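Computed from a predicted model, the values in this text were never measured in an experiment. Here is the naming used below: chain letters follow the sequence lines, and residue numbers restart at 1 for every chain.
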Amino acid sequence: MNRFYITTPIYYVNAEPHIGHAYTTIVADVINRFQKMMGSKTFFLTGTDEHGDKIAQAARAEGIPPKAYADRISGLFQNIWPKLGIDYDKFIRTTDPEHIQAVQYVLQKVFDAGEIYFSTYKGLYCVGCERFYMERELVDGKCPDHDTAPVEREESNYFFRMSKYQDWLIDHLEKNPECIRPERYRNEVLSFLKEPLEDLCISRPAERLDWGIPLPFDSKYVTYVWFDALINYISAIGYPEGELYGQFWPVAQHVIAKDILKPHGIYWPAMLKAAGVPMYRNLNVHGYWKTGEAKMSKSHGTVVRPLDLAPVYGLDAFRYFLMREMVFGLDASFSKEALVARINADLANDLGNLFSRTLAMTDRYFEGKTPPLALPPDEAMDGELLGKVDNAIRQFREQIPALGFHRALSAIWELIAAANRYIDYVAPWSLAKNPDSLPRLQTVMRTLLEVNRIVAVLIYPFMPETSSKMLERLGVEKRGTELRLDQDASWGALVEGTPVFKGESLFPRVETEGKKQEKPAQGANKAAVAQRVEQTGSPLIDIDLFRQVDLRIGQIEQAEKVPKSEKLVKLLVDIGEKRQIVAGIAKTHSPADLVGKQVVIVANLKPAKLMGIESHGMVLAVRDGNDLKLIVPEAETAPGGRIS
RNA sequence: GGCGGUGUAGCUCAGGUGGUAGAGCAUACGGCUCAUAUCCGUAGCGUCCGGGGUUCGAAACCCUGCACCGCCA
């Protein structure tokens, strides 16, 4: 039996899941579901990366142990994946005991082989930040955060002899051109490798950073970043002795975004080689999702939160959009408008309507029972459609393993379009008027039902819920993870006489604002609108507009008065992530009173500079005479909670 | 400074080995009535960023310039 092992990166728990995480994970899920359909025995791994400076600092800022902090954010990731239809086999955390053991095992092994050495270097160190700075990172020779001059300091650490593996890696990538794909990223790695590699620093002194895995050969040091994180891919399946490791590591595939190409394309292969572990099979690298002109960035408030959109527009619609819109490897842009356009055009109009009209006619002409294939296909009429069926299945089979998701989907949609065209050409409603045409009508409707069934099978990896819904209504028992491409995409598998039912629309159209404005408001409605405007003094908005405002519960962690300003106070607010916000509330609220308070924050306000200080959000308050009162939640609430 | 990416219709973008420029959306007109105001058809719109080169033939390959975007030091 074929085996298949796919991983996502382990996500660093310093921020909430965003669309990039969602895309990577959905890609892995799609491939994994596809492999199940091909009859492979699969294993799908995801997880969280929980050690390091940033976590230790964030936890300290909240006054809780790092593990507690990591537990919370890791929980966010564990909660979101089921909501996006992700069906993984294991969720690994770098704080898991098995992982820690495996990391120490690898370190000891590489150390014993003489590939890790101890070395001392000098650098510029900021005591406030507890870290070294490069000269170019400094502002006027001072730490950008603390505005103090760093001191020269000597530190010793352990280094991995990565440089030694450069030639081997170049050779491997040249002999295995498919190893890193798409090709552009293989070229990028090869061009990195044209320059001499430096050795990799793999430790931090425990006195400076104790939130990490202790080096097995020197407990005064902890493991730093990559020797901890990357090893998850083998520790999760029981390296070195586990059965799963033996079965699945030889067929390992990683999915990553291009920002971590270097660690996965260079460090990781060198580490594997040094530890005597075989190289992974494929590294699959995708691009960035962009909103508007800039790269997605949480500091600009342009993060699209998948959890917010998936339930509004439907989880399958969201998955479809991500897989159809991005060419794997290239960047793509995300916007609500593009999402809605895809939903209306591809899902509601093409697929949803095809399904709806097919079943409505089956109801009308055959009391909702599957008719027989009474006649052989009519070459002239049915030939094109049957050709599209074959093509869609072939593209599906070829493109998904080659990461051509958009091609697989467009082939399926060509089939859907051909079926819609077929209905118009054949005009079953005309056939139905003439009793002599009954066999032909039966054949035509059965053909359409078969096409719908095959579409339902082929969209399964992308849209598992819709696939099951369609198959259920078509009276097909086998669905979901039981589907096998060989058996279930074959023509004529429906059973004559099986009842079908139409059900609700698969994908209701999403009304767009442009369309709404075209439709004149009803007379009574218009009057009501006018009256409401008069009463409140504000024009009415619809719910979509309101939903664009990202309101969240924020916990004020720090507050200080802005010098030379009587109204402004600078706040550090936790809204699930840390935000600097400048608020005009100093006249009524002293900084000391503000710390610890929970307030309501507009989280997606465009950043602004007030008195030269950047503000990334706004605190809501109500004016009451001369007084100003903050809007607060009824009871203590988790920071970051979305207000709706 | 170094490296890389991108530039194709009004918009968003596809364009496996070089062979008459494509899709969706948007716009205009027409057709159908099974269907979620959906579907089908027709039409228009292109300096494939500019300039050179290779070739019988270039959006694609090579060189060069410009613009935008990343990454690294």
Query raised in the report: For A/A341, which contact category applies under a 4.0 Å heavy-atom criterion: base, sugar-phosphate, or nothing?
Result: nothing

Query raised in the report: Without hydrogens or angle criteria, can the side chains of A/N284 and A/Q253 be said to hold a donor-acceptor pair below 3.5 Å?
Result: yes

Query raised in the report: Just checking, any donor-acceptor pair under 3.5 angstrom between side chains of A/D316 and A/T466?
Result: yes

Query raised in the report: CZ of A/F355 versus C1' of B/C39: gap in Å, rounded?
Result: 17 Å

Report task. Calculate the interatomic distance between A/R509 atom CZ and B/C25 atom C1'; express it in whole Å. Result -> 12 Å

Could you pull out the protein-nucleic contacts involving nucleotides 40-45 of chain B (nitrogen or oxygen on both sides, under 3.5 Å)?
unit_1, atom_1, unit_2, atom_2, d
B/C40, O4', A/D424, OD2, 2.8

Query - No-hydrogen, no-angle side-chain donor-acceptor test under 3.5 Å, A/Y320 and A/D346 - result: yes

Report task. Output the single nucleotide from B/U36, B/G4, B/C34 whose closest atom is nearest the side chain of A/E188. Result -> B/G4

Report task. Report which part of the nucleic acid A/E414 touches: base, sugar-phosphate, or nothing (heavy-atom distance under 4.0 Å, all strands). Result -> nothing

Query raised in the report: Quick one: A/R184 CZ to B/G70 C1', roughly how many Å, whole number?
Result: 12 Å

Report task. Whole angstrom is fine here: how far is it from CG in A/L403 over to C1' in B/G16? Result -> 14 Å

Report task. Please evaluate the base of B/G16 for a donor-acceptor partner in the side chain of A/Q399 within a cut-off of under 3.5 Å? Result -> yes

Query raised in the report: Yes or no on side-chain contact (heavy atoms from CB on, under 4.5 Å) for A/D363 and A/K502, after CA distance, side-chain angles and deciding distance?
Result: CA-CA 8 Å; A/D363 272 343; A/K502 182 170 172 242; 4.0 Å; yes

Query raised in the report: Is it true that A/Y233 and A/H264 have ring centroids separated by less than 6.0 Å?
Result: yes

Query raised in the report: Less than 6.0 Å separating the ring centroids of A/W268 and A/F227?
Result: no

Report summary line: Pairing partner of B/G30, by Watson-Crick or G-U wobble and under 3.5 Å for both distances, is B/C40

Query raised in the report: Expressed in angstrom and rounded to an integer, what is the separation of A/N452 atom CG from B/A35 atom P?
Result: 15 Å

Requested in this report: Describe the nucleic acid contact of A/P508 in one word from base, sugar-phosphate, nothing, applying a heavy-atom distance below 4.0 Å.
Outcome: base

Query raised in the report: Separation of A/D259 atom CG from B/C71 atom P, in whole Å?
Result: 9 Å

Query raised in the report: Is it the case that A/R204 places NZ or CZ above or below the six-membered ring of A/Y224, under 6.0 angstrom from the centre and within 45 degrees of the axis?
Result: yes

Which protein N or O atoms sit under 3.5 Å from an N or O of nucleotides 9-15 of chain B?
unit_1, atom_1, unit_2, atom_2, d
B/C13, OP1, A/S333, OG, 2.9

Query - Residue pair A/W289, A/H18: steps toward the side chain to side chain donor-acceptor pair (under 3.5 Å) verdict - result: CA-CA 10 Å; A/W289 282 97; A/H18 60 67; over 6 Å; no

Requested in this report: Sort out for me which residue in A/I400, A/L458, A/V457 forms a side-chain contact (heavy atoms from CB on, under 4.5 Å) with A/M37.
Outcome: A/V457

Query raised in the report: Between B/C34 atom P and A/R357 atom CZ, what is the distance in whole Å?
Result: 10 Å

**Report entry** A/I343 CD1 - B/C25 P separation (whole Å)
**Finding:** 15 Å

Report task. Compare the minimum distances between each of B/C39, B/U36, B/G16 and the side chain of A/N349, then state the nucleotide with the smallest one. Result -> B/C39

